[in-house]
Amino acid sequence: MTMNVLVVGGGGREHAIVRALASDSRNVIFSVMAKRNPGIAGIAREVLIEKETNVPAVVRFALTRGVEYAVIGPEAPLETGIVDALEDNAVGCMGPSRAAARLETDKAFCREMMNREGVAGCPKYRVFHDPELAAGFILDSEEEFAIKPIGLTGGKGVKIMGEHLDREEAGRYVRQLGGEVVIEERLIGEEFTLQAFTDGKTLVPMPLVQDHKRAFEGDQGPNTGGMGSYSMEDHSLPFVSENDREKALEIMYAAVHSMARLGQPYKGVIYGQFMNTARGPMVIEFNARFGDPEAMNVLSILESDFSEIVAGIAECTLSSRKVEFSRKATVCKYIVPSGYPETPNPGEPFSVHDYGNARLYYANVEEREGMLYTQTSRTMAFVGIADTLSEAETIAEHAAGSVKGPVRHRKDIGTADLLARRCAHMKEIR
Ligand code: AMP
Ligand code: GLY
């Protein structure tokens, strides 16, 4: 089907969303983004450069351009109620209401909902609102914990004892956060991402993806927004059994159905980040949107008409739509400023050379007079698509290596070595 559609957001994820919508050239695409993403700007009919959380400005733009549907990329506008405002003005949305988005935007709400509703996969947790109580709880215990600020932090606020912090540092960290934290058991295992389209009733799963949060090769260094990700031709991962995958999907069903029961129906994309542990998949977190980079893996191999899926979600008729992905492996590698994430070097020129048949998705990059400059966040991503993971990795790595300038990427994402390590770790704990 064809539509006038607004895409909110200007990162690599949103470039992938725009490109998927543009695969039907009859769709008319509008974009709102805080900074001009040259990839999106090159496709959209019209771009509004505006903060994505400026809801009145977004609604005005949508209404004056005859927008029928909107796809919300990032979480920040969901938290400000952009879906509620657009739907009040008869724009159908792929994305949850502000209340339903709390599944991501309020980590305490998420855990308490899972606990109360009996949703499986919830680790042991405690919610604190007081810095001294939170610090005391950590200092008096002998266990290791994950420490999570309750609100949104762009994926960078979570610290894990035994990885990022010792006990004393953990005590200081929760004080520094003002005590508004969820402290939960540290889960041991291998992480994977399961995303699903949902209209609030039906869930349609997408291929499994593994993201890489750490800045450096071998999973060293600080957490980032995600340095890259891969998916396999069979849409699974070798350290996730069919039973694990089914359990993860059941957990996501249970979460979505609980939200409906609570009178806050959830629709859009639900993103489950799981730790596959000795006792099966446990929920690290839910996100209320596509993952970035994971969107680039799945949307690059979506065979079905994405605009039909968007309409199916907005109109709660998803169940009748067919959603298919091609049986290809994908490897996504982000190029980032060399000092990212702690001391990024914005405004540095760099150049892209022969990137073969990889797909290029722009992210936080400035294009000025035909030149490209880094900004403070992830710069651009390449996705290799092939029959096997190894071929997809070669394509992505060659493309990433073609970029010249003060940038870097993780060379290990999608390699056989890294995969073997993941599998060995899983074997060890099970
Ligand atoms: P998040 O911002 O919730 O995605 O967390 C960032 C990263 O912290 C995750 O990708 C995990 O690697 C790690 N993490 C979060 N929660 C836990 C947990 N309960 N146990 C172990 N690691 C965790
Ligand atoms: N890839 C992690 C995220 O989008 O939150």
Side-chain angles (χ1 to χ4, degrees), residues 9 11-14 16-17 72-76 78-79 101 103-108 110-111 114 121-127 143-165 170 173 177 181-195 206 208-215 219-231 268-279 281-299 332-334 336 341 361 363 377-378 381 410 413 422 425 429:
R13 165 182 52 209
E14 288 78 20
I17 290 170
I72 318 301
E75 59 276 22
L78 295 172
E79 190 180 35
L103 211 49
E104 167 169 9
T105 61
D106 181 341
K107 288 192 197 291
C110 174
R111 290 313 191 199
M114 292 181 78
C122 187
K124 282 185 285 172
Y125 72 94
R126 293 269 306 260
V127 176
E143 286 175 53
E144 287 185 327
F145 300 107
I147 298 165
K148 306 184 165 187
I150 287 177
L152 293 177
T153 59
K156 291 165 211 149
V158 173
K159 302 248 192 256
I160 313 298
M161 288 171 64
E163 283 185 38
H164 308 107
L165 303 170
Y173 186 54
L177 293 172
V181 287
V182 179
I183 298 181
E184 51 187 49
E185 79 178 282
R186 180 186 176 193
L187 300 166
I188 305 290
E190 277 301 321
E191 286 180 53
F192 67 90
T193 300
L194 175 56
Q195 303 169 98
M206 302 180 227
L208 296 185
V209 184
Q210 189 174 44
D211 182 21
H212 298 73
K213 296 289 260 193
R214 298 300 200 92
D219 297 325
Q220 301 298 308
N223 274 340
T224 68
M227 293 296 294
S229 45
Y230 65 90
S231 67
V269 170
I270 181 164
Y271 166 123
Q273 191 184 352
F274 292 92
M275 184 75 86
N276 210 14
T277 69
R279 54 199 156 116
M282 303 287 289
V283 176
I284 291 178
E285 65 170 354
F286 290 120
N287 289 327
R289 50 172 174 82
F290 279 115
D292 187 348
E294 292 95 327
M296 293 183 272
N297 298 89
V298 296
L299 290 174
C332 174
K333 298 203 185 207
Y334 252 121
V336 301
Y361 293 113
S377 195
R378 294 173 293 182
R410 266 184 68 166
I413 294 169
R422 306 275 192 240
H425 183 218
I429 64 167

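Remember, it's 1-based here, ligands and their atoms both numbered in the order they're listed.
Considering backbone and side-chain N/O atoms, P123 never comes within less than 3.5 Å of an N/O atom of ligand 1. When only interatomic distances are considered, the shortest N/O to N/O separation between D211 and ligand 2 falls below 3.5 Å. Residue D292 has at least one nitrogen or oxygen atom sitting less than 3.5 Å from a nitrogen or oxygen atom of ligand 2, judged on distance alone. Ligand 2 has a nitrogen or oxygen under 3.5 angstrom from a nitrogen or oxygen of N287.
Rounding to the nearest 0.5 Å places NZ of K148 at 6.5 Å from CD1 of I284. F274 CZ to E191 CD: the interatomic distance, rounded to the nearest 0.5 Å, is 12.0 Å. Rounding to the nearest 0.5 angstrom, the gap separating the CE atom in M227 from the NZ atom in K333 is 10.0 Å. Taking CG from D292 and SG from C332, the interatomic distance works out to 8.0 Å, rounded to the nearest 0.5 Å. Here the NE2 atom belonging to H212 is positioned 13.0 Å from the CG atom belonging to N223, to the nearest 0.5 angstrom. Taken to the nearest 0.5 Å, the CD atom of E285 stands 9.0 Å off from the OG1 atom of T193.
Partners of R289 by salt bridge (charged side-chain N to carboxylate O under 4.0 Å, His left out), not counting sequence neighbours, listed by chain and number: E75, E104. Remark: R186 pairs with E144, E163 by the salt bridge (charged side-chain N to carboxylate O under 4.0 Å, His left out) rule, at least two apart or across chains.
Assignment of E163 to the shell around ligand 1 is not supported, since no heavy atom sits closer than 4.0 Å. For K159, the heavy-atom gap to ligand 1 stays at 4.0 angstrom or more. Contact analysis puts M275 in contact with ligand 1, with a non-hydrogen atom separation below 4.0 angstrom. Contact annotation: G291 has at least one heavy atom less than 4.0 Å from an atom of ligand 2. Using a non-hydrogen distance threshold of 4.0 Å, R289 registers as a contact of ligand 2. Remark: distances from the non-hydrogen atoms of P293 to ligand 2 include one below 4.0 Å.
Only backbone heavy atoms of E185 (N, CA, C or O) come within less than 4.0 Å of ligand 1; its side chain stays farther off. Only the side chain of E294 comes within 4.0 Å of ligand 2, judged by heavy-atom distances.
Taking the charged nitrogens against the carboxylate oxygens, R279 and E185 do have a contact shorter than 4.0 Å, which makes a salt bridge.
Interface of R186 with ligand 1, defined as ligand atoms under 4.0 Å from a residue heavy atom, comprises 20 (N). Here is the list of ligand 1 atoms found below 4.0 Å of a heavy atom in K107: 3 (O). Counting atoms of ligand 1 from 1 in the listed order, those under 4.0 Å from a heavy atom of E191 are 9 (C), 10 (O), 11 (C), 12 (O). Close contacts between ligand 2 and Y271 involve ligand atoms 1 (N), 2 (C), 3 (C) [criterion: under 4.0 Å to a heavy atom]. Within ligand 1, counting atoms from 1 as listed, the ones closer than 4.0 Å to a heavy atom of E184 are 16 (N), 19 (N). Close contacts between ligand 1 and K148 involve ligand atoms 3 (O), 15 (C), 16 (N) [criterion: under 4.0 Å to a heavy atom]. Close contacts between ligand 1 and A146 involve ligand atoms 16 (N), 17 (C), 18 (C), 19 (N) [criterion: under 4.0 Å to a heavy atom].
Considering every non-hydrogen atom in both K124 and E143, the closest pair reads NZ-OE1, 4.0 Å. Across every non-hydrogen atom of M206 and V269, the tightest pair is CE-CG1, 4.0 Å.
Of the candidates V283, D211, V158, the one placing a heavy atom closest to atom 2 (O) of ligand 1 is V158.
A donor-acceptor contact closer than 3.5 angstrom links the side chains of N297 and S229.
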